[in-house]
Amino acid sequence: MMDVTKYQPGYFPPPAPQYRWVRKDHIETAPIWCSVDLRDGNQSLIIPMSLEEKLRFFQLLVDIGFKEIEVGFPAASETEYEFLRTLIEKNMIPDDVTVQVLTQCRDHIIRKTFDALKGAPHAIVHFYNSTSVAQREQVFKKSKEEIMKIATDGASLVKQLADEYQGNFRFEYSPESFTGTEPEYALEVCNAVLDILQPTAEKPVIINLPVTVAMSMSHIYANQIEYMSDHLKYRENVVLSLHPHNDRGCGVADTELALLAGADRVEGTLFGNGERTGNVDVITLAMNMYSHGVDPHLDFSDLPSIVSLYEDVTRMHVYERTPYAGSLVFAAFSGSHQDAIAKGMNWREEKGLHEWTVPYIPIDPKDVGRAYEGDIIRINSQSGKGGIGYLLQQNYGFDLPPKMREHFGYTVKEASDKGHCELKPDQVFEIFRQKYLNHTRPLDVPEAHFIQKDGIIANIKLCLGGVYHSAGAHGNGRLDAVSNAIKEYTGMDYAIEHYSEHSLSHGSNSDAAAYVGIRWENDTMNWGAGTDSDIIKAGIKALISAINQRV
């Protein structure tokens, strides 16, 4: 049995929250982004990345547009030390990119970290110590004063070593387990660190307030961030940073509300890869901003390639429903959804719209490297006529009339249901071809000649069961005359209820498509489709195809 009595809130709301962030309805500008894929993400993998894989991933992050990249904990791992040295010694760090390294507030670890950074063009030294009640009491067994001294001693040492080593160093401090720390005490520790580091406009200091373990609803974290932003010393020279984890599944919400509350910077990973339930997903954050018309300054225009490289080097899998990047996030199987999407896409094309307003699809899939064909409309037994018809039109140019589209939709759904499978676009077209298109058996009309006299006279060569015959009849038009000739010779009893046509592609030499629906004496309906460079021949082929549905 589950025992809820074991759990009590472990977070601390700030005193007198102001809630100014509540009055904002969206994020207006992109934050400073820092990727921690190569440190936080890598340490969370079952099999950490090799040096070669980390180099590939680093280049991917640079290509995406990250200007700050945490590359590891060089004092804690020989592989991470070697990785950092490789980046520096092979001049692989672009001039506009700053690498970041992590270190505990321990003397020998900080010193080894600076050794690893020799020759780095730009670097952020990120030092931290845990400040939460649980860590103070259970892990370190130290008082608030003793915990603060760990932080200030670390700050003094990184400042000293930055003066001793050649390089362009900036500093970042994290009160780890911030969400389990009393906000007043976290503020006291951070301000003490800032007093030592003395941030300036030229060299601002990053104060990073991590959701090391998510403990509260997102608005509590936003209140904590707003409180810290209001009361940090040297605020104009402090970059207030976030590092949310996703224990409660609220990493994106925590980050977005905290940005509204005054944060300037976000540390996160691609696809949220991180310890336990992961870090905040930078892709989701960035694309959420993008969907509101805010430039995230990160390039995710080829998400399929990013997914492929990520899965290759991390051996992780991007879940099919992962926002924006999952293979099924733009897919619609439901008939009503497909119909609305198809109509929305047609509306956008007809109106020549630049703005994206298509129902059910929050952004244009092409913006992230996804195709309309086979990505949006996916066909199975739950699909509807609108989606199936749209897929056929987009991929192959056949714009079926509404009643025929409905008839075809049932045919496709039946095939999917019997096969218990999804149907790819080429399979849908094959069903259309076999069912409706240019059928010449058992009946065919290989030749038709017309005389305009009291309407139209059609003289046709008719092939039935392999035997050729001649027939003729009057009609109101060419197709009607051919139909009357067939009926007079064969004794068939039907009426043409629908005829339509269109060009399959642009240009005077393009094929035409024609559609014919006929109703028999017993009220059953059959459909046929025909294609030919001659529109008259296309119509005849469509009529013959419809008749052959029954003969």
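Only a predicted model underlies this, so the values are computations on that prediction, with no experimental measurement involved.
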Under 3.5 Å: donor-acceptor pair, side chain of [X], backbone of [Y]:
X	Y	value
N273	G41	yes
R370	S327	yes
N246	V280	no
N526	I518	no
D511	L504	no
T490	I486	yes

Does [X] reach the side chain of [Y], with side-chain heavy atoms less than 4.5 Å apart?
X	Y	result
I225	W21	no
D299	D63	no
L423	I431	yes

Criterion side chain to side chain donor-acceptor pair (under 3.5 Å) against Q100, the qualifying member of E68, R39, E267 =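 Single pass found, and it is E267.
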query = Among D40, D37, T269, which one satisfies side chain to side chain donor-acceptor pair (under 3.5 Å) with N279?
reply = D40
query = Looking at CZ of F429 and CZ of F398, how far apart are the two atoms once the value is rounded to the nearest 0.5 Å?
reply =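 Atom-to-atom, F429:CZ and F398:CZ are 5.0 Å apart.
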query = Measuring from I457:CD1 to H449:NE2, what's the distance to the nearest 0.5 Å?
reply =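 Between atom CD1 of I457 and atom NE2 of H449 there are 14.0 Å.
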request  = Check the side chains of T531 and N438 for a donor-acceptor pair under 3.5 angstrom, ignoring hydrogens and angles.
outcome  =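 On atom types as modelled, these side chains qualify, holding a pair under 3.5 Å.
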request  = Verify the distance criterion only: is there a donor paired with an acceptor across the side chains of H498 and S500 at less than 3.5 Å?
outcome  = yes
Crowding at [atom1], [X] (>12 non-hydrogen neighbours, <6.0 Å):
X	atom1	result
R550	CZ	yes
W356	CH2	yes
K24	NZ	yes
H292	NE2	no
M92	CE	yes
D95	CG	no

task = For residues Y324 and F300, establish whether the separation of their ring centroids is below 6.0 Å.
result = no
Pairing residues for H439 by the side chain to side chain contact (heavy atoms under 4.5 Å, CB included) criterion, not counting sequence neighbours =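 Counting only residues at least two positions away or on another chain, H439 forms a side chain to side chain contact (heavy atoms under 4.5 Å, CB included) with S545, N548, Q549.
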task = For A513 and I535, work out which heavy atoms get closest and say how close.
result =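 Looking at all heavy atoms of both residues, the closest pair is O-CD1, 4.4 Å.
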